[in-house]
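The structure appears below as structure tokens.
Note that this is a predicted model, so its numbers are computed, not measured. Residue numbers count from 1 along this sequence.
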Amino acid sequence: MKDQQQKILVADDEASIRRILETRLSMMGFVVITAADGEEALQVFQHQEPDLIILDVMMPKLNGYQVCQSLRQESDVPIIMLTALSDVADRITGLEMGADDYMVKPFSPKELESRIRCILRRITKSHSAHHKSAGVIQVGHLEIDTNKRQVYKDKERIQLTHLEFNLLELLVSRPGEPISRVEFLQKVWGYSPDGKIDTRVVDVHMSRLRNKLKEDTEEPDLILSVRGVGYAIQRGD
């Protein structure tokens with residue numbers, strides 16, 4: 001039994017979607033709060049501090065991209081974006097601004113519920129598994145504390161989201177070994193192996209992670225692209 005119900009914010013200007021998700025997620029045991037526009041979403045976030053946000057892209061006052069960008073300046077709360085935009089580049093924009101995942105409208109409520117469970121399960125495991133972690137790992141100039149889930153470069157902390165740290169943690173657990181995009185989606189996102197998979201989600205988040213870890217353009221990448229497979233991290237000395 002959970003000590004406290006997890007809280008989900010549904011931000012969408014379509015009242016029908018808010019009602020459907022509020023009903024279904026409440027039946028799953030979540031506390032559901034809603035917002036009808038971007039400004040309200042930010043206000044509700046400040047007062048309610050939800051555990052996860054479902055964020056529509058096309059909203060009045062502030063769109064989903066603007067809300068996501070604002071949230072990422074102060075929080076690593078998981079964000080799933082809902083988009084009706086057909087252009088792939090538009091869909092990826094939300095990920096580049098820090099969203100964890102996205103779904104295209106019209107979407108399957110069951111699929112959304114599955115992704116919510118996976119993300120929250122991932123975070124719960126992250127918080128509870130510190131006693132099983134390897135401790136401090138040195139990779140190049142990086143110091144990765146898997147107990148505190150913190151990363152330092154030359155003694156200065158690099159701010160990573162839960163998802164970015166999980167990507168890095170999987171990489172350093174198998175130094176020098178290529179890991180496929182599909183495996184990242186299964187182990188970090190919790191996607192079903194027989195489910196519909198968009199591997200670009202991995203590429204966008206890996207690009208963000210690389211940018212955070214590499215400040216000097218002359219410095220070689222610690223995370224390597226493996227053509228036709230996925231990614232690997234360089235072996236430590």
Side-chain angles (χ1 to χ4, degrees), residues 6 45 49-53 55 68-69 71-81 92 94-102 115-191 199-216 219 221-226 230-236:
Q6 291 174 301
F45 173 80
E49 298 183 351
D51 297 288
L52 181 143
I53 299 175
L55 185 60
C68 183
Q69 193 170 35
L71 289 170
R72 280 295 173 256
Q73 293 175 4
E74 60 178 299
S75 173
D76 63 354
V77 62
I79 298 172
I80 300 177
M81 298 202 78
I92 297 300
L95 299 176
E96 292 175 336
M97 290 187 173
D100 292 66
D101 204 348
Y102 74 84
R115 296 197 190 185
I116 289 169
R117 286 195 196 95
C118 289
I119 289 175
L120 293 177
R121 189 183 307 126
R122 182 183 74 220
I123 293 173
T124 300
K125 284 183 178 179
S126 297
H127 288 162
S128 64
H130 64 276
H131 61 283
K132 301 177 183 178
S133 299
V136 177
I137 301 170
Q138 193 77 35
V139 182
H141 295 296
L142 292 183
E143 186 178 279
I144 305 165
D145 189 328
T146 56
N147 292 328
K148 296 180 180 178
R149 296 181 60 79
Q150 295 176 357
V151 179
Y152 295 86
K153 182 177 181 180
D154 300 326
K155 305 302 180 182
E156 185 173 336
R157 186 177 174 187
I158 300 172
Q159 296 291 339
L160 301 183
T161 65
H162 289 292
L163 189 147
E164 289 163 352
F165 190 91
N166 286 345
L167 287 171
L168 181 60
E169 190 172 34
L170 179 55
L171 284 165
V172 299
S173 71
R174 290 152 59 177
E177 179 183 340
I179 301 175
S180 72
R181 291 173 176 82
V182 171
E183 185 173 356
F184 278 114
L185 286 169
Q186 292 173 0
K187 292 190 173 179
V188 176
W189 276 264
Y191 279 24
T199 58
R200 287 167 299 203
V201 174
V202 179
D203 295 331
V204 174
H205 283 284
M206 201 63 74
S207 176
R208 285 176 54 84
L209 177 60
R210 276 173 152 173
N211 289 337
K212 288 185 178 183
L213 300 183
K214 180 183 176 182
E215 296 177 357
D216 186 349
E219 192 176 87
D221 280 322
L222 286 173
I223 299 174
L224 308 174
S225 296
V226 182
Y231 298 91
I233 197 164
Q234 293 188 31
R235 290 183 178 275

For residues [X] and [Y], report the shortest heavy-atom separation together with the two atoms involved.
X    : Y    : value
E177 : R174 : OE2-NH2, 2.9 Å
M206 : F184 : CE-CZ, 3.7 Å
A99  : L95  : O-CD2, 3.5 Å
P78  : D100 : CA-OD1, 3.3 Å
L171 : I179 : CA-CD1, 4.1 Å
C118 : W189 : CB-O, 3.1 Å

Looking at [Y], is its backbone amide N or carbonyl O close enough to the side chain of [X] to form a donor-acceptor pair, meaning the two atoms are under 3.5 Å apart?
X    : Y    : value
R117 : G190 : no
E183 : K187 : no
R181 : D203 : no

Would you call [X] and [Y] a side-chain contact if the rule is heavy atoms closer than 4.5 Å?
X    : Y    : answer
M81  : I79  : yes
H205 : T161 : no
N166 : L168 : no
L163 : I119 : no
Y152 : H141 : no
D145 : V151 : no
S225 : Y231 : yes
C68  : L55  : yes

(message) Under the rule for salt bridge (Lys or Arg N to Asp or Glu O under 4.0 Å), what residues qualify as partners of E164, not counting sequence neighbours?
(response)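 Partners of E164 under the salt bridge (Lys or Arg N to Asp or Glu O under 4.0 Å) test: R208, K212.
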(request) Identify, with sequence neighbours excluded, every residue that meets salt bridge (Lys or Arg N to Asp or Glu O under 4.0 Å) alongside R200. (result)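 R200: salt bridge (Lys or Arg N to Asp or Glu O under 4.0 Å) contacts with D198.
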(message) Rounded to the nearest 0.5 Å, what separates atom CD in E143 from atom CD in Q138?
(response)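 So the CD of E143 and the CD of Q138 are separated by 5.5 Å.
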(message) Using 0.5 Å steps for rounding, measure from the CD atom of E156 to the NZ atom of K153.
(response)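 If we round to the nearest 0.5 Å, E156:CD and K153:NZ are 9.5 Å apart.
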(message) Between the side chains of R121 and D51, is the shortest nitrogen-to-carboxylate-oxygen separation below 4.0 Å, so that they form an ion pair?
(response)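 Answer for the salt bridge query: no.
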(message) Closer than 4.0 angstrom, basic N to acidic O: yes or no for R149 and E169?
(response)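 A salt bridge links R149 with E169.
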(message) If you apply the rule side chain to side chain contact (heavy atoms under 4.5 Å, CB included), what do you find for R157 with Q150, and how did you get there?
(response) CA-CA 7 Å; R157 186 177 174 187; Q150 295 176 357; 3.5 Å; yes
(request) Sequence neighbours left out, what passes side-chain hydrogen bond (donor to acceptor under 3.5 Å, both in side chains) with E49? Give chain and number order. (result)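 E49 satisfies side-chain hydrogen bond (donor to acceptor under 3.5 Å, both in side chains) with no other residue.
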